[in-house]
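The figures here come from the full heavy-atom set of this structure, side chains too, leaving out hydrogens, waters and symmetry mates. Computed from a predicted structure; not experimentally measured.
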Amino acid sequence: MSPLAQPPVQAQAHAHAQTLAESVVQSVDWLAIAPPTIAAVVGLAVLVADLFVGDRRKALLGWASVAGLAVSLLALLPLLDGDRATFCLTGDPDVCSYTADRFTLVVQFLVLGGALLAALLSMTALKDAQKALPEGEFWFLLLSSAAGAALLPASRDLATLIVALEVASLPAFALVGIRQGDKRSSEAALKFFLSSVTATAVSLLGISFVYAATGTLYLTEIADRIQDVDGQLHTLTQAGVVLTLIGFAFKTAAVPFHFWVPDTYVGAPLPVAAYLSVVGKAVGFSGLILVTVVALPSYADVWGPALAALAALTMTVGNLGALRQRSTRAYSAVRLLAWSSVGQAGYLLVPIAAAAYAENTDDAERAIGSTVAYALMYAAVNLGAFTVAALVGRTRTLNRVSDYRGLYASSPLSALLLAFFLLCLAGLPPGVIGLFAKVTVFSAAVDAGLGWLAVVMAVNVVIALFYYLQWTALLFRAPEGEPQPHGIPAPLTAALALTGIVGIALSGAPQLVLRFADTGLF
C-alpha cells in the first residue's frame, strides 16, 4: 500500500519514521577522512599480504607500510584549502563528529610524520631481529595505531575521541610486547596496558558525568550547555572535568601518572619507544586540548590551576629522573630519553594551562599554538636522537650512555647530529629551534600571569642542561679502545637525513614553526 492510500494515522507514522531515518543518515566527505583511512586500509592490506609473502620477501611489507604512511601525509595537501567537516547532524550541519581544520592537519602531520620515521627505524630493527619480531603483525599494529592517532585530533565528539584514543592505544600495547620470548618486553607491555586501561576507565567515568550533566557528546554543544547546568549537577560536572583530566594525564605521562614510561621504553623495541615518545604524546596532548579548551572553557578555573600544577611537577620529576641516570647502567641511554620525555611533557603542558587564563580567544589560540609549535620541534629532534640510539644499539646492545663515548671518532656525522638534537632539546645554540620553542612557552606562561610557573620552568631548563651537555661532551671524548665503525643501513640513513634536515631548516627559520602551528581552533 502506498503512503497516499494509507489511513491518516498510518501515513503520519510512516512520514515520522522516514524523517527519523533521514536524520541519522550522514554524508561522508572521503577527502576529509582520507589520511587516517589510508593508513588503516594499508594496514589491513599488509596483514593479508603477509599470508602470501615468503620469508625472503618480508621486507616488501615494510616498504609498503612506509609508502602507505607517505601517501597518508600527501593526503593532507588537498585539505589545506579550507576547513572541512563530515559526519554532521542533519538538522544542524555545524555540529559534526569529524573536522579537518588547521589544528587537525598540523597534529595529523606530526602524527603521520612521526609514524613514518618510526617505520623507517623499524625496517632495520626487524631485519636485525632475525624473525624474533613477526613482521606482518608488527606493520599492521603500527599502521592501525597511526590511523587512530590521526583520527583523534579530528574528533569533535567525546565518543569518537575515546574510540580514536583506544584505536591508537590498543595496538601500542601489542607493539611493546611483540618481541617473542623477552620477559622485559612482556613486563613493559603489562605495565603499559594496566596504566592505559586505568586511564581509559577514569576518562570514561568523567565523560559519563559530563554527558549526564549536559545531555550531549559534541564538544561545541557541551561548551554551550555546561554553562547553564542546574546547580544540583554542578558538583557532578566538576567531578567529570577532574576525572577526564586525570585520564588524559595518564596518556601524556604527566607526573604522578608517569610510572610506566621508563620501563615501557626500555622493554619495547627501540622504534616503538621512539613512536610512543612522539606520537603517543601528540595523541594525549591533542585530546587534552580538545577536552579543555574546546569543550570545557567555562571550567577553566578548575582545569587551569590543575594543569599548571601538573606542568610544574612533571618537568621537575622528569628532569631529576634523567639527572639520576648512571651512564654505565644497562639501557641508560633509553632511560635518559624516557625521563627526558617526561620533562618535555611538562613544558608542553604549560601553554595549555596558560590558555585557561587567557582574556580572549585570540590569546588562548596563541597559547595553544605555542604547545603545537613545541610539539613539532620536540618530535623532529627527539626522533633524531632515537635514530642515533638505534644506530649505536646495533653494535652495543645494552645501549648505555657510556657506549656513546668517542662516537665522533667512529661515526662523525651521527655524533654531530646527535649533539645537535641534544642541544635542541636543551634549548642551546646551534639548536635555535629548541631555544625558540622554549621562549614561546615562557612567553605563554608570562602573558597568562603564571610567573611562578615560568620560574619553575627556568630552573628545570638549567637542570636539563647538565645531563644534555654531559651526554654531548661524551660524544667527542677519546674512545676507550679501538673505535667501532657504525654501518648505517638505508632506512636509518633516511631517518637521520629527514630529522637532521628538518631540525637544521627550522633552526635557520624558526618563525616557520609558529606560522605552521597557527591552529585556527576557535
Side-chain angles (χ1 to χ4, degrees), residues 59 62 117-130 132-133 265-266 268-274 277 322 325-341 380-426 428-431 434 464-504 507:
L117 288 167
L120 290 172
L121 298 184
S122 300
M123 294 187 68
T124 301
L126 289 170
K127 183 179 179 181
D128 293 342
Q130 297 179 349
L133 297 174
Y265 282 27
V266 169
L270 198 59
V272 176
S277 73
Q325 297 305 308
R326 299 192 307 272
S327 62
T328 56
R329 181 184 181 184
Y331 310 106
S332 57
V334 180
R335 284 188 176 276
L336 193 150
L337 288 173
W339 282 108
S340 166
S341 73
V381 300
N382 202 64
L383 283 169
F386 266 102
T387 301
V388 180
L391 174 63
V392 174
R394 299 185 73 222
T395 55
R396 304 292 183 94
T397 55
L398 293 181
N399 219 327
R400 298 167 296 196
V401 173
S402 58
D403 293 335
Y404 292 76
R405 176 170 179 167
L407 181 62
Y408 181 77
S410 57
S411 183
L413 181 60
S414 300
L416 289 172
L417 283 174
L418 179 57
F420 174 73
F421 296 141
L422 294 174
L423 291 175
C424 284
L425 290 171
L428 289 177
L465 286 178
F466 181 80
Y467 61 82
Y468 285 132
L469 290 178
Q470 190 178 45
W471 193 354
T472 303
L474 198 64
L475 301 174
F476 302 97
R477 294 180 63 181
E480 294 179 348
E482 290 294 325
Q484 295 184 0
H486 296 279
I488 307 181
L492 284 184
T493 302
L496 269 179
L498 286 172
T499 53
I501 290 171
V502 171
I504 293 170
S507 290

**Complete:** Here the gap from Leu492 atom CG to Met123 atom CE, rounded to the nearest 0.5 Å, amounts to 10.5 Å

**Prompt:** Are any non-hydrogen side-chain atoms of Leu413 and Leu496 less than 4.5 angstrom apart?
**Reply:** no

**Prompt:** So, does Ser507 use its side chain to make a donor-acceptor pair with the main chain of Gly503 at under 3.5 Å?
**Reply:** yes

**Request:** For residues Ala419 and Thr472, report the shortest heavy-atom separation together with the two atoms involved.
**Result:** CB-CG2, 3.7 Å

**From Phe420 atom CZ to Leu425 atom CG, the distance as rounded to the nearest 0.5 Å** = 10.0 Å

**Prompt:** Side chains of Val334 and Leu270: does their closest heavy-atom pair fall under 4.5 Å?
**Reply:** yes

**Request:** Compare all side-chain heavy atoms of Trp339 with those of Gln325 and state whether any distance is below 4.5 angstrom.
**Result:** yes

**Prompt:** What pair of heavy atoms forms the shortest contact from Leu120 to Ala494, and how long is it?
**Reply:** CD1-CB, 4.1 Å

**Item:** Side chains of Leu337 and Trp471 in contact at under 4.5 Å (non-hydrogen atoms)
**Value:** yes

**Message:** Main chain of Leu398, side chain of Asp403: is a donor-acceptor contact present, judged purely on distance under 3.5 Å?
**Reply:** no

**Request:** Give the minimum heavy-atom separation between Phe386 and Ser277, together with the two atoms involved.
**Result:** CE1-OG, 3.6 Å

**Item:** Polar side-chain atom of Ser332 near backbone of Thr328 as donor-acceptor pair, under 3.5 Å
**Value:** no

**Asked** Of all heavy-atom pairs between Pro429 and Leu423, which one has the smallest distance, and what is that distance?
**Response** O-CD1, 4.0 Å

**Item:** Residue pair Leu418 / Leu422, side-chain heavy-atom distance below 4.5 Å
**Value:** yes

**Asked** How far apart are the closest heavy atoms of Ser411 and Leu391, and which atoms are they?
**Response** OG-CD2, 4.4 Å

**Asked** Atom OG1 in Thr387, atom CG in Leu417: separation rounded to 0.5 Å?
**Response** 9.5 Å

**Request:** Kindly say whether Ser402 contributes a backbone atom to a donor-acceptor pair with the side chain of Ser327 at under 3.5 angstrom?
**Result:** no

**Residue pair Ala333 / Tyr404: nearest heavy atoms and the distance that separates them** = CB-CE1, 3.6 Å

**Prompt:** Near Tyr408 OH, under 6.0 Å, is it more than 12 heavy atoms from other residues, nucleotides or ligands?
**Reply:** no

